Protein chains: 2
Amino acid sequence: MLALTATPDYGRDAATNVYPMPGRPHRDAPIEADPFSAAMPSVYAPREDLFLEGDDATHMCEVIEGVICAYRLLPDGHRHVVSFYFPGDLIGYCCSGCQSFSAQALTRVRVRRIPRSAISQMIETRPGFARRLLELASGELMMTREHLLCLAAKSAEARLAAFLLALSRRNADAGTDPKQVFLPMTRLDIGDYLGLTIETVSRTLSKFKRSGIIALPRTTSVLIRDEAALCDIAQS
Amino acid sequence: MLALTATPDYGRDAATNVYPMPGRPHRDAPIEADPFSAAMPSVYAPREDLFLEGDDATHMCEVIEGVICAYRLLPDGHRHVVSFYFPGDLIGYCCSGCQSFSAQALTRVRVRRIPRSAISQMIETRPGFARRLLELASGELMMTREHLLCLAAKSAEARLAAFLLALSRRNADAGTDPKQVFLPMTRLDIGDYLGLTIETVSRTLSKFKRSGIIALPRTTSVLIRDEAALCDIAQS
DNA sequence: CGGCAACTTGAAGGAAATCAACGTTAGTGG
DNA sequence: CCACTAACGTTGATTTCCTTCAAGTTGCCG
């Protein structure tokens, strides 16, 4: 594939990109590395960084509790949000030696850290483990492609609708109410994720609200009133 | 990560995404599956499909010669170009059982097909092989993220500039002239890849030409006259 | 040479960004 | 508990960039 790096090397990159809702039961069997649950610090306060782009990737993280925002700062000063990670998601299982993005806690976050050396060893000794990592990477690639497609072709309304539906679906997977979506991220986070400005995010949500498609009981939560309409809009 | 599928299931997805230039020497050691080079048809004419989205993914492909365009057709009738694949690139090494996009030859194409069963077997028996696949997936994820970032934040000019530079860099990697970029794809292919219309692609190339940054000796090739300017524009 | 597909160019329209206020919420300290 | 403040969110007016629509033009293949 074509590496669309502007300058020869401003953008090294690669890692993970998952995204479930708090309390997700994650039907995938827990990654089989429990013996390694390490002694590294594992609780973070809101807006605290877990690591920065370029840091040595010495560990993988499994999100236990809370929501994490993965982002990159661009040379022009803009910020791009790569992904949001929820409980059950894994960060940093890919191969490159250093982090390809920064990670910030959006809420209080607890993670379990798994040393990379342990990962390497398990790849060597357990073929099933390697296969599982490959599936994870594959799934992440799939979702990144979906996101790409969304940004390449869709209107602001379609992007927001798809975003809300994705969060709703995550709730459903986690067994919580899919109509009641919690937004731990700010409008800026959402905008930087969807390639929109905060004004457009806000305006579009207001528009959905006026149409009766959603309600906004608080700024940090959305009630989906008409899922079908949201699906239609998300189609493009 | 958040799956931005509009409706619960319109977009299953996942596979690969590579992109070198014809004749690329690919410094990565050839994937170690030569014993399996199979007896399946391996030459395709321009605009012939290698496979369609949803087909059983029974084989991986290594591009030997020519350029392949990976694309998806959207429910609204639009087309999204996922990636371009060049000699040395691998397609379909990810885990899902079916193709997540269609693949079409842009030029005369030769591929080597490797049965998935052989891949599976090698994952079980050779840890190094699994690690290598993981690296491939990781690299592909990295490049998809770069592309995503490009579409999320950049202007038409920046996207085109980044695209041309990426092709140029590929030439450099392949040992051919990085100033002389061959465009085997049409303006429509480029537009569908960069999330732009053919008119915008054409206009933007014309503008670069008027500024003296590039020359267009034919519609299918670009001469880069001022790489530094192109880099500046690509920055955003 | 003719015909068709790809490409280019121009003019008009629209969607989102930008610029600018204003409202709301939450957190702090009196 | 309340007042103050700062960050976050909303809304409106204007501008910009890209799309859309509509002709041309080029270039390739019969």
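These figures come from a predicted structure and were not determined experimentally.
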Qualifying residues under side chain to side chain donor-acceptor pair (under 3.5 Å), relative to B/Asp49, sequence neighbours excluded: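 B/Asp49 satisfies side chain to side chain donor-acceptor pair (under 3.5 Å) with B/Tyr71 only.
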Non-neighbouring partners of A/Asp76 that pass side chain to side chain donor-acceptor pair (under 3.5 Å), sequence neighbours left out: B/Ser236
Bounds of contact between DNA chain C and chain B, in 5' to 3' order, using a heavy-atom cut-off under 4.0 Å: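 Reading along DNA chain C, I get C/dC7 to C/dA11.
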Between its two end axes (five pairs each) the helix from C/dC1-D/dG30 to C/dG30-D/dC1 turns, nearest 10 degrees, through 40°
Only counting residues at least two apart or in another chain, list the ones meeting side chain to side chain contact (heavy atoms under 4.5 Å, CB included) with [X].
{"X": "B/Arg108", "answer": "B/Val43, B/Glu65, B/Arg110"}
{"X": "A/Thr220", "answer": "A/Phe182, A/Arg218"}
{"X": "B/Ala152", "answer": "A/His80, A/Leu151"}
{"X": "B/Ala105", "answer": "B/Tyr44, B/Leu50, B/Val109"}

Considering residues at least two apart in sequence or located in another chain, which fulfil the salt bridge (Lys or Arg N to Asp or Glu O under 4.0 Å) criterion with B/Arg47? B/Asp189
Of all residues at least two apart in sequence or in a different chain, which pass the salt bridge (Lys or Arg N to Asp or Glu O under 4.0 Å) check with B/Lys209?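 None.
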Donor-acceptor contacts under 3.5 Å from residues 198-205 of chain B side chains, at least two apart:
{"residue": "B/Thr200", "atom": "OG1", "partner": "B/Thr197", "partner atom": "OG1", "Å": "3.0"}
{"residue": "B/Thr204", "atom": "OG1", "partner": "B/Thr200", "partner atom": "O", "Å": "2.6"}

Protein within reach of the bases, or only the backbone? For nucleotides 9-19 of chain D, mark each nucleotide 5' to 3' as B, S or -, using heavy atoms under 4.0 Å. SBBBB----SB
Should the pair B/Arg113-B/Glu62 be classified as a salt bridge under the 4.0 Å nitrogen-to-oxygen rule? no
